[in-house]
Student: 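Sharing a structure with you now.
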Amino acid sequence: MDGDEELLRGRICGEDHDHPRPGPKPGRAYAELVGGPLDGLLLDITGWTADEIQTGVALTTELGQFPGGRALYDPRPGERNRWDWSGDSP
């Protein structure tokens, strides 16, 4: 794991890298992003419906194959809290 990857691991997706409390917050629900450009980040899914979770997400990132594009993640079957990377989109 290189230095950039280590900085991302355990941080919440969408929060500033210099946030004073970069890790999980009590009372929130998170999904760990597995693989791809956002590997190791936590996605806050607090309040999401079952349908929203099943749909997965397309997260804007500069780190993927298409800078400024989206990294696509879908929930792992049987594991609501681990979402696997399925590719990048412009």
Side-chain angles (χ1 to χ4, degrees):
M1 176 181 317
D2 69 24
D4 288 340
E5 290 173 351
E6 192 148 336
L7 283 173
L8 292 177
R9 191 155 301 285
R11 293 185 179 274
I12 299 169
C13 186
E15 285 195 355
D16 290 333
H17 69 280
D18 60 353
H19 191 281
R21 292 184 50 214
K25 316 286 187 288
R28 309 293 296 177
Y30 297 96
E32 178 185 0
L33 302 177
V34 180
L38 303 178
D39 184 46
L41 285 177
L42 300 175
L43 178 65
D44 188 345
I45 59 171
T46 304
W48 288 32
T49 67
D51 286 342
E52 290 171 324
I53 289 171
Q54 279 305 110
T55 301
V57 292
L59 300 167
T60 303
T61 182
E62 296 297 322
L63 303 174
Q65 179 181 359
F66 306 100
R70 302 203 185 305
L72 310 174
Y73 287 87
D74 297 300
R76 185 177 290 180
E79 292 188 53
R80 169 187 165 109
N81 296 328
R82 290 178 60 89
W83 292 27
D84 294 312
W85 176 67
S86 60
D88 292 329
S89 175

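Both backbone and side-chain heavy atoms feed into the values below; hydrogens, waters and symmetry mates do not. Everything numeric in this text was worked out from a predicted model, so none of it was measured.
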Student: Less than 4.5 Å apart, side chain to side chain, heavy atoms only: is that true for Thr55 and Trp48?
Tutor: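 Not touching, per the 4.5 Å side-chain cut-off.
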Student: Rounded to the nearest 0.5 Å, what separation is found between the CG atom of Leu33 and the CZ atom of Arg82?
Tutor: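 If we round to the nearest 0.5 Å, Leu33:CG and Arg82:CZ are 10.5 Å apart.
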Student: When clusters are formed by joining ILVMFWY residues with side-chain heavy atoms under 4.5 Å apart, either directly or through shared neighbours, do Leu43 and Leu63 land in the same one?
Tutor: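 Leu43 clusters together with Leu63.
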Student: Okay, side chain of Gln54, backbone of Asp51: is any donor-acceptor separation there less than 3.5 Å?
Tutor: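 No, the answer is negative, given that no donor and acceptor are paired below the 3.5 Å cut-off.
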Student: To the nearest 0.5 Å, what is the distance between OH (Tyr30) and CG (Leu41)?
Tutor: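 It comes to 12.0 Å.
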Student: Heavy atoms, side chains only, cut-off 4.5 Å: are Leu72 and Val57 in contact?
Tutor: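 No. Closest side-chain heavy atoms not under 4.5 Å.
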Student: Would you kindly say whether Thr46 and Asp44 are connected by a side-chain donor-acceptor distance under 3.5 Å?
Tutor: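 Yes, a side-chain donor-acceptor pair sits under 3.5 Å.
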Student: Assess the side chains of Asp88 and Trp85: does a donor N or O sit below 3.5 Å from an acceptor N or O?
Tutor: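 Result is yes, a qualifying pair exists.
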Student: Output the distance between atom CG (Leu59) and atom OG1 (Thr61), rounded to the nearest 0.5 Å.
Tutor: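 Between atom CG of Leu59 and atom OG1 of Thr61 there are 8.5 Å.
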Student: Do you know the tightest heavy-atom contact between Tyr73 and Val34?
Tutor: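 Scanning both residues, the minimum pair turns out to be CE2-O, 3.7 Å.
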Student: Name all pairs fulfilling the salt bridge (charged side-chain N to carboxylate O under 4.0 Å, His left out) condition that reach into residues 57-76, sequence neighbours left out, sorted by first residue then second.
Tutor: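 Non-adjacent pairs meeting salt bridge (charged side-chain N to carboxylate O under 4.0 Å, His left out): Arg76-Glu79, Arg76-Asp84.
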Student: I need the minimum non-hydrogen distance between Gly56 and Pro75, along with the two atoms involved.
Tutor: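 Heavy atoms only, the tightest pair is CA-CD, 4.0 Å.
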Student: Enter the distance from Ile45:CD1 to Asn81:CG here, rounded to the nearest 0.5 Å.
Tutor: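 Answer for the CD1-CG pair, Ile45 versus Asn81, is 5.5 Å.
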